[in-house]
2 protein chains.
Amino acid sequence: MAGILCVFPNRVGHLPLRHLVFYVDFNMPSPASDLSIEDLQQHIRRMYYDKDVARGIDGTFMWLMEEVGELASALRGNDRENLQEEFADVIAWLFTIANVADVNLAEALSAKYGQGCPGCHRFECECSLDEKP
Amino acid sequence: MAGILCVFPNRVGHLPLRHLVFYVDFNMPSPASDLSIEDLQQHIRRMYYDKDVARGIDGTFMWLMEEVGELASALRGNDRENLQEEFADVIAWLFTIANVADVNLAEALSAKYGQGCPGCHRFECECSLDEKP
């Protein structure tokens with residue numbers, strides 16, 4: 001939370017004081033940049049959970065694989081909009097599988113990458129190039 | 001932003017007033033649930049961008065494929081911790097490829113899924129089960 005808290009007394013010399021209070025938040029995020037992992041997983045759950053469960057993990061994983069193929073194809077091409085869509089699709093299918101498998105992705109990511117690279121434990125990875133990750 | 005703003009005047013009758021100001025935020029999120037798509041992409045960029053660029057999209061995609069295989073294997077198993085890790089790894093490799101391809105994933109997800117299912121345009125999908133998505 002970063003911003004300016006502005007407090008203007010509009011009466012002085014008496015109690016109780018009443019104040020005009022403004023909080024101007026410089027970090028007010030745009031809807032896109034504010035999208036949290038948790039919110040996205042809930043959003044995907046609301047949209048698709050019943051269908052995902054009916055389809056099961058195996059069937060849902062097949063859809064993910066199809067999307068991964070489309071992403072590979074888009075990465076070879078020059079259509080920026082299509083590329084953006086294919087990334088969104090792969091992520092959506094991953095999140096949907098996580099819902100069926102009952103995995104909280106925000107917790108998973110925080111646990112694995114929250115303290116830096118899981119290989120070298122630095123925030124700027126110093127593992128060698130052929131090492132994983 | 002939801003909470004209580006507490007303003008205590010500690011001198012009255014003189015100007016300028018000085019105040020003790022507290023803001024108690026009831027919505028203070030835990031680090032995991034607050035993790036945004038944008039923050040995660042920046043975090044992954046900081047950790048791996050130089051190595052990702054050196055490896056290129058093709059080489060990085062190969063790592064993603066390896067992780068997808070490990071996720072498939074984990075989905076068949078009973079190790080919950082390992083499953084959580086494999087989801088985190090696949091997402092990390094996807095984000096890292098998006099960095100090299102210069103795709104903003106928060107924007108991509110917001111554009112494709114922000115207004116509901118891209119198929120039926122509802123927030124609870126009504127597309128038939130065999131339709132995509």
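As the structure is a prediction and not an experimental result, all values here were calculated from the model. Reminder, nothing fancy here: chain letters follow the sequence lines and each chain counts from 1.
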Contact origin within Arg76(A) toward chain B - heavy atom pairs under 4.5 Å: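 Contact with chain B: side chain only.
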Per-residue contact mode, Asp50(A) against chain B (heavy atom under 4.5 angstrom):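 Contact with chain B involves no heavy atom of Asp50(A) at all.
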Partner chain A: residue of Gly59(B), Ala111(B), Ala72(B), Cys120(B) with the largest heavy-atom pair count (under 4.5 Å):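 Option with the top pair count is Ala72(B).
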Max heavy-atom pair count under 4.5 Å with chain B, selected residue of Ile97(A), Thr96(A), Thr60(A), Leu83(A): Ile97(A)
At a 4.5 Å cut-off on heavy atoms, which part of [X] comes close to chain A: side chain, backbone, both, or neither?
| X | result |
| --- | --- |
| Leu109(B) | both |
| Phe61(B) | side chain |
| Leu94(B) | both |

Nearest 0.5 angstrom please: [X] [atom1] to [Y] [atom2], how far?
| X | Y | atom1 | atom2 | result |
| --- | --- | --- | --- | --- |
| Met47(A) | Cys125(B) | CE | SG | 8.0 Å |
| Phe95(B) | Ile91(A) | CZ | CD1 | 4.5 Å |
| Ile44(A) | Cys117(B) | CD1 | SG | 9.5 Å |

His43(B) (side chain) donor-acceptor with Phe123(A) (main chain) under 3.5 angstrom: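 Side chain of His43(B) to backbone of Phe123(A): no pair is present.
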Exam field: side chain Lys51(B) to backbone Cys127(A), donor-acceptor pair closer than 3.5 Å: yes
Residue from Gln84(B), Glu86(B), Glu85(B) passing side-chain contact (heavy atoms from CB on, under 4.5 Å) with Val103(A):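 Going through Gln84(B), Glu86(B), Glu85(B) one by one, the side-chain contact (heavy atoms from CB on, under 4.5 Å) with Val103(A) is satisfied by Gln84(B) alone.
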Least distance between heavy atoms, Ala88(B) atom then Ala108(A) atom: CB-O, 3.6 Å
Residues, nucleotides or ligands: over 12 heavy atoms within 6.0 Å of [X] [atom1]:
| X | atom1 | answer |
| --- | --- | --- |
| Gln42(B) | CD | yes |
| Met65(A) | CE | yes |
| Arg122(A) | CZ | no |

Are [X] and [Y] side-chain neighbours, meaning at least one heavy-atom pair lies under 4.5 Å?
| X | Y | value |
| --- | --- | --- |
| Lys112(B) | Phe87(A) | no |
| Glu124(A) | Arg46(B) | yes |
| Glu38(B) | Leu35(A) | no |

Under 4.5 Å side-chain linkage, directly or through intermediates, the cluster mates of Tyr49(B): Val53(B)
